[in-house]
Amino acid sequence: MAGRKIRIPEGLEIIPPEFYSRPTEEVAPDLLGAVLLNRVNGKWRGGRIVETEAYLGKDDPASHAARSKTPRNSVMFGPPGRAYVYFIYGNYFCFNAVAHDGISGAVLVRALEPLYDIEGMRAARNRCKDILLCKGPGRLCMALEIEREYNCKELYHSEIIIAADKNWAAPQEIASGERIGIQEGGHLPLRFYIAGNPYVSRTPGKACNLDKT
DNA sequence: CACGCGATTCGCT
DNA sequence: GCGAATCGCGTGT
């Protein structure tokens, strides 16, 4: 055996980097149902992705990559399949998966349904209500202990991984809507979430349905 | 080099 | 429902 194989939970299959080498707005809904895992204290901790947002390149004024490449956003301009983690509001981190078929782009993971090492999440989140453990981009980073040092890490062969769940049927209803908490470019329907899932961070009135079958 | 603010969260009213 | 907390980055002087 050439490279050592990573052991991840039963039924999960690591998503290869090619998956992310497509238009960001296609990768974002396709990540719904996949599982984000982080290795913490020898255990896999994570959950199912139930809400994402696409942030595009120069044509998307809300994206960190809307302007030129800077030290902060440089990962968005790099190879797809890496983590883009940034610090926000002086307190929190947001986790993205770099995804694009051209210059730049990333998918913000906004919420998870907790599945693995929920005890660890509770400890990391100071024992808040379980429903809130990963309900929001800042919260899920706290729960999974994702911090600055994760920026730039590849998501397919290290201690932070996104994997497809072979035993999970794609939901009939994926909803899309406007992205949350942004000013310019807010009209674009680049937010995607599993309709009716209780772990989605917010369910604004303005949303349209898409078929994904 | 200074200044303004953000892909948020939590606690208080 | 609203506002404070908190700081690194990017823009403009």
Side-chain angles (χ1 to χ4, degrees), chain A residues 20 23-29 31-32 36 47 49-78 80 82-100 103-114 121-153 155 160 162 175-194 198-207:
Chain A
Y20 304 93
T24 316
E25 65 271 27
E26 291 181 15
V27 176
L31 277 174
L32 295 175
L36 172 62
I49 297 171
V50 297
E51 181 183 0
T52 61
E53 285 179 358
Y55 286 87
L56 315 180
K58 62 174 167 55
D59 294 327
D60 178 8
S63 172
H64 289 170
R67 306 196 185 202
S68 60
K69 189 173 169 181
T70 67
R72 183 206 198 190
N73 66 18
S74 64
V75 186
M76 287 183 77
F77 290 78
R82 287 182 176 175
Y84 170 44
V85 178
Y86 65 89
F87 188 58
I88 189 76
Y89 292 113
N91 275 310
Y92 306 107
F93 292 97
C94 290
F95 170 84
N96 303 248
V98 174
H100 60 82
I103 307 294
S104 60
V107 175
L108 171 70
V109 178
R110 286 193 54 91
L112 303 178
E113 174 180 345
M121 293 186 194
R122 290 184 182 125
R125 293 275 290 122
N126 202 24
R127 302 195 193 100
C128 70
K129 291 182 182 178
D130 280 5
I131 189 71
L132 296 175
L133 284 173
C134 301
K135 196 179 170 107
R139 287 169 174 162
L140 76 88
C141 284
M142 286 188 270
L144 269 59
E145 300 186 35
I146 294 172
E147 302 189 343
R148 204 185 312 272
E149 62 185 19
Y150 285 79
N151 191 45
C152 216
K153 286 197 177 179
L155 297 170
I160 184 164
I162 299 179
S176 73
E178 296 179 355
R179 292 172 295 182
I180 291 174
I182 57 172
Q183 297 191 353
E184 289 180 289
H187 58 286
L188 299 167
L190 293 176
R191 172 172 179 254
F192 305 93
Y193 57 98
I194 298 176
Y199 296 96
V200 170
S201 70
R202 292 195 234 177
T203 49
K206 208 169 187 181

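- Annotation: of the two residues near DNA chain B, A/Ile182 and A/Leu132, the 5′-most nearest-nucleotide partner is A/Ile182.
- Taking atom CZ of residue A/Arg202 and atom P of nucleotide C/dG1, one finds them 11 Å apart after rounding to whole Å.
- A donor-acceptor pair under 3.5 Å is formed between the side chain of A/Arg179 and the backbone N or O of A/Ala54.
- For A/Tyr86 against B/dA7, a side-chain N or O and a base N or O form a donor-acceptor pair under 3.5 Å.
- Under a cutoff of 6.0 Å and an axis angle of 45°, A/Arg72 and A/Tyr86 form a cation-pi pair.
- One atom, CG of A/Asn96, and another, P of B/dT8, lie 11 Å apart when rounded to the nearest Å.
- In this structure, the nucleotide among B/dA7, B/dT9, B/dG6 sitting nearest to the side chain of A/Arg139 is B/dT9.
- Considering only side-chain atoms of A/Tyr55, the nucleotide from B/dA7, B/dC10, C/dG10 that sits closest is B/dA7.
- Mapping A/Thr70 and A/Phe87 onto DNA chain C by nearest heavy atom places A/Phe87 closer to the 5' end of the strand.
- Remark: the separation of the P atoms in B/dA7 and C/dG1 is 23 Å, to the nearest Å.
- The interatomic distance linking A/Asn91 (CG) with C/dA5 (C1') rounds to 6 Å, in whole Å.
- Nucleotide C/dC9 holds its P atom 16 Å from the NZ atom of A/Lys69, rounded to whole Å.
- Between A/Arg110 and B/dT8, a side-chain N or O to OP1/OP2 separation shorter than 4.0 Å is present.
- Looking at A/Lys69, its side chain never comes within 3.5 Å of a backbone N or O of A/Ser104 through a donor-acceptor pair.
- Distance A/Phe95 CZ to B/dT9 P: 16 Å, rounded to the nearest Å.
- No hydrogens or angles considered: nothing links the side chains of A/Tyr20 and A/His100 as a donor-acceptor pair under 3.5 Å.
- One interatomic measurement links the two molecules: CZ of A/Phe93 to P of C/dC7, which rounds to 11 Å at whole-angstrom precision.
- The closest donor-acceptor contact from the side chain of A/Asn73 to the backbone of A/His64 lies under 3.5 Å.
- Side chain of A/Pro71, nearest nucleotide from B/dT8, C/dG10, C/dT11: C/dG10.
- Among the nucleotides B/dT8, C/dG8, C/dG10, the one closest to the side chain of A/Arg148 is C/dG8.
- Listed candidates were B/dA7, B/dT8, C/dG10. Nearest to the side chain of A/Tyr92 is B/dT8.
- Note: CG (A/Asn73) to P (C/dG8) measures 18 Å, nearest angstrom.
- Pairing for B/dT9 is with C/dA4, a Watson-Crick or G-U wobble pair whose two hydrogen-bonding atom distances lie under 3.5 Å.
- Under the 30°/60° scheme for interplanar angles, the aromatic rings of A/Phe87 and A/Phe93 are found to be tilted.
- Rounding to whole angstrom units, CD1 of residue A/Ile88 and P of C/dA5 are separated by 18 Å.
- Nucleotides B/dA2 and C/dT6 place their P atoms 22 Å apart, quoted to the nearest Å.
- Residue contacts for A/Arg72: at a heavy-atom cut-off of 4.0 Å it reaches the sugar-phosphate backbone alone, with no base atom in range.
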